[in-house]
Amino acid sequence: MLSTNIPEESGKKSLHFIEQIVENDLKEGKNGGKIATRFPPEPNGYLHIGHAKAICLDFGIAKQYGGTCNLRFDDTNPVKEDVEYVDSIMEDIQWLGFQWDNLYYASDYFGKLYDFAIEMIKRGLAYVDEQSAEVIASQKGTPTSPGTNSPFRDRSIEENLDLFLRMQAGEFEEGSHVLRAKIDMAHPNMHFRDPLMYRILKLSHHRTGDTWNVYPLYDYAHGQSDYFEGITHSLCTLEFEVHRPLYDWFVDQLKTDEYRPRQIEFNRLNITYMVMSKRKMLQLVKEGKVSGWDDPRMPTLCGLRRRGYTPESIRSFVDKIGYTKFDGIIDLSLLEFTIREQLNKIAPRVAAVLDPIKLTVTNYPEGQVEWNEAINNPEDETAGSHSVPFTRNLLVEREDFMEEAPSKYFRLCPGREVRLKNAYVVTCTGCAKDADGNISDVFCEYIPETKSGQSAADRKVKGTIQYVTAEHSLPAEVRLYDRLLSVPNPSEEKDKDFMELLNPDSLKVLTNARVEPILKDAEPLDHFQFQRIGYFNLDPDSTPEKLVFNRTVSLKDTWGKIADKMTK
RNA sequence: UGUCUCAUGGUGUAAUGGUAGCACUACAGUUUUUGGUACUGUCUGUCUAGGUUCGAAUCCUGGUGAGACAACCA
């Protein structure tokens, strides 16, 4: 149970394995009873929903146990990193509802790390290798066969010291020298086969500028940074499991007291039909398959936000999936459930017609307008109501009329009655067709005493449909988003080109939609339920002249299932 | 012929030697001025073979299957 959720329930729910570890450590009095975590993104891309899982854990554990959580940018590789990403990462964390206690950069520790590297050389634990990357790689051996020692492995401490200082002084070219830890080239864990600690990069760093010519690598920097910050629980994903012994080894070289940080791994988030790899997301953006990092089909936090997902719904989702060491794949429907669950409670109900067809109330006077009350949200009594117009000339959804319909069809069909929401029961009387035989008009007659609140308002009808008036409704563009991939998991189709797996129907744009007049006052990203259709929000690209709505998620579509059954 | 890790319904996750539970999904029903919501019900599970024990999803051993590791990435 994360502290981001309702505290009353915290006693009922069982603890996941990381919470148990933390509580045990607390019970045993480790690290003086302190809890300190960190969220360590590399500023080389946008945060996505997988990061949300890590963020909720790192910040959640700290909050839950009265500890602290730092934001630390893991900026040890100036090749890939950019200031642009730093800002978006901070913004997205705060949008999700979290605030860091301290803001650090791994580059803050470059000086300390450099000094300690020198210390390790002096202790005979590190050496400078002058071989090429290819040669070093070939000497590493394979997972099933041991590696061989570098010819430079046993040079003197003085020589190593001299070379390392000259590496930093800029005397050597990139790739010509590296600093390696001297451990064991035959170790069964490949990460112990003399791992690289420093490489030469003659690049300007986004924070340290041109101060450094050598930059530390992950394995040397991460545990050390945790140690410098007093992190007690260093939470990361499962692929770092094999690194943990090395993490501990480096910390052992550094530590001078009882305190030590502890790395714990949990399972990475996978969701069906979602592209979660940074490389593939970048490819989608670069090749223009999506409109950008914040395209509503993207799993990025900014994409989900634009799509209409709320921070609460994402936190609720993360809470439901839990933390284990099992590499599974979450069904997309669980994510969709959490946003439906929340939007059902908060989204005002409005009428919208995506594919309009004229419905004329033939016995209603031309030119007459009445304004009826429409409840904003039946789930929330405090949400109030607004007025909707009713006239002779209405627009309804094209699929809400069938000239010949099966018995289970509860909408407009000649001879049948339906209720027009908030107004009257009408009897459908027929339709008109154009020269090509397409239905152009639908006709009905209203029954005056069936108006909401009147004597016959309780008249039993099986269907209720929504409508807008031809005179008052506003034109709008509606974007329907679907799953981006056509298969649940692209890794199951490894032999296929990733781009071939994209769902061609992932975006449909409807340009003839009509919406209630009240929507002209909406703010960007405001949530609505278009009744009987789905949840939508107003896109930030909207203008007063052109309203643009994004569909967050569709309603549960029982009618679609009935229709499927009838056609079989 | 390596090291590390994992295996509970369709999916995810509980049960820490004592009634295999929860959520999503699917299906059925009740309510409903949204074919939405809410409520009720149904289906479906401990990878396998041994062992320890009064009792095993849980502990032990062997098998099987899956994932991570051979970047001067993190």
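If you're wondering where the values come from, they're calculated on a predicted model, not measured in any experiment. In what follows, chains are A, B, ... by sequence order, proteins preceding strands, each numbered from 1.
Among B/C69, B/G36, B/G2, the nucleotide with an atom closest to any side-chain atom of A/K556 is B/G36. Relative to the side chain of A/D74, the nucleotides B/U5, B/A74, B/U37 differ in distance, and B/A74 lies closest. Closest to the side chain of A/S14, out of B/A14, B/C73, B/G2, is B/A14. When the nucleotides B/A68, B/U34, B/U8 are ranked by their closest atom to the side chain of A/F326, B/U8 comes out on top. Among the nucleotides B/C72, B/U3, B/A74, the one closest to the side chain of A/V178 is B/C72. Nearest to the side chain of A/N189, among B/U3, B/G35, B/U25, sits B/U3. The side chain of A/N422 lies closest to B/U33, out of B/G36, B/C69, B/U33. In the set B/C24, B/U8, B/C73, the nucleotide with an atom closest to the side chain of A/F337 is B/C24. Between B/G67, B/U34, B/A74, one nucleotide has an atom nearer to the side chain of A/E241 than all others, and that is B/G67. The A/I136 side chain lies nearest to B/C72 when the options are B/U33, B/A14, B/C72.
Straight-line distance between the C1' atoms of B/U19 and B/C24: roughly 25 Å, to the nearest whole Å. Across B/G65 and B/A49, the matching P atoms stand 16 Å from one another, rounded to whole Å. Taking atom P in both B/C54 and B/G45, one finds a spacing of 30 Å when rounded to whole Å. Across B/A26 and B/G9, the matching C1' atoms stand 12 Å from one another, rounded to whole Å. Between B/G36 and B/A74, the distance separating the two C1' atoms is 45 Å to the nearest Å. Taking atom P in both B/C60 and B/U53, one finds a spacing of 16 Å when rounded to whole Å. B/C43 sits 13 Å from B/C22 when the P atoms are compared, rounded to a whole Å. Distance check on atom P: B/A14 versus B/C6 gives 13 Å, rounded to whole Å.
No side-chain N or O of A/N422 forms a donor-acceptor pair with one of A/S452 less than 3.5 Å apart. A/H206 and A/D82 share no donor-acceptor pair across their side chains, judged by distance under 3.5 Å alone. Using modelled atom types and a 3.5 Å distance limit, the side chains of A/S316 and A/Q342 yield no donor-acceptor pair. For the residue pair A/Y424 and A/E370, a side-chain donor N or O sits within less than 3.5 Å of a side-chain acceptor on the partner. When only modelled atom types and interatomic distance are considered, A/H222 and A/Q263 share no side-chain donor-acceptor pair under 3.5 Å.
Here A/T324 does not reach the OP1 or OP2 of B/G12: none of its side-chain N or O atoms lies under 4.0 Å away. In terms of phosphate contacts, A/S145 brings no side-chain nitrogen or oxygen within less than 4.0 Å of OP1 or OP2 of B/A70. When the side-chain nitrogen and oxygen atoms of A/N267 are compared with OP1 and OP2 of B/U13, one or more of them lie within a distance under 4.0 Å. For A/R349 and B/U34, the shortest distance from a side-chain N or O to OP1 or OP2 is not below 4.0 Å. In terms of phosphate contacts, A/K140 brings no side-chain nitrogen or oxygen within less than 4.0 Å of OP1 or OP2 of B/C69. Proximity of A/R199 to the phosphate of B/C73: a side-chain N or O atom is located under 4.0 Å from OP1 or OP2.
Nucleotide B/U33 has no partner under the Watson-Crick or G-U criteria, as no pair reaches both atom distances under 3.5 Å. The partner of B/A68 is B/U3, by the rule that a Watson-Crick or G-U pair needs both atom distances under 3.5 Å. Remark: B/A26 base-pairs with B/U42. Criterion, Watson-Crick or G-U wobble with two distances under 3.5 Å. The partner of B/A49 is B/U61, by the rule that a Watson-Crick or G-U pair needs both atom distances under 3.5 Å. Searching all strands for a Watson-Crick or G-U wobble partner of B/G55 with both distances below 3.5 Å returns nothing. Across the strands present, B/U8 finds no partner; the criterion is a Watson-Crick or G-U wobble pair with both atom distances under 3.5 angstrom. B/U19 is unpaired under the Watson-Crick or G-U wobble criterion, no partner having all donor-acceptor distances under 3.5 Å.
Side chain A/R419 to base B/U33: a donor-acceptor pair is found below 3.5 Å. In the interface, the side chain of A/Q466 is not paired with the base of B/G36 through any donor and acceptor atom under 3.5 Å apart. Side-chain atoms of A/H243 come within donor-acceptor range of the base of B/A74, with a qualifying N/O pair under 3.5 Å.
Residue A/K451 is the one, among A/P41 and A/K451, whose nearest nucleotide of RNA chain B lies closer to the 5' end (criterion: closest heavy atom). Judged by closest nucleotide on RNA chain B, A/I329 is the one of A/I329 and A/V242 placed further toward the 5' end.
Remark: ring of A/F410 overlaps the six-membered base ring of B/G35 in a stacked fashion, centroids less than 5.5 Å apart, planes less than 30° apart.
With respect to A/E265 and A/R244, a salt bridge is recorded, a charged nitrogen being found less than 4.0 Å from a carboxylate O.
Here the P atom of nucleotide B/A7 and the CG atom of A/D327 are 11 Å apart, to the nearest Å. Atom CD of A/E381 is separated from atom C1' of B/U37 by 14 Å (rounded to the nearest Å).
A cation-pi arrangement, defined by a distance under 6.0 Å to the six-membered ring centre and an angle within 45 degrees of its axis, is absent between A/R532 and A/W559.
Annotation: A/Y46 is in aromatic contact with A/Y85 [ring centroid separation under 6.0 Å].
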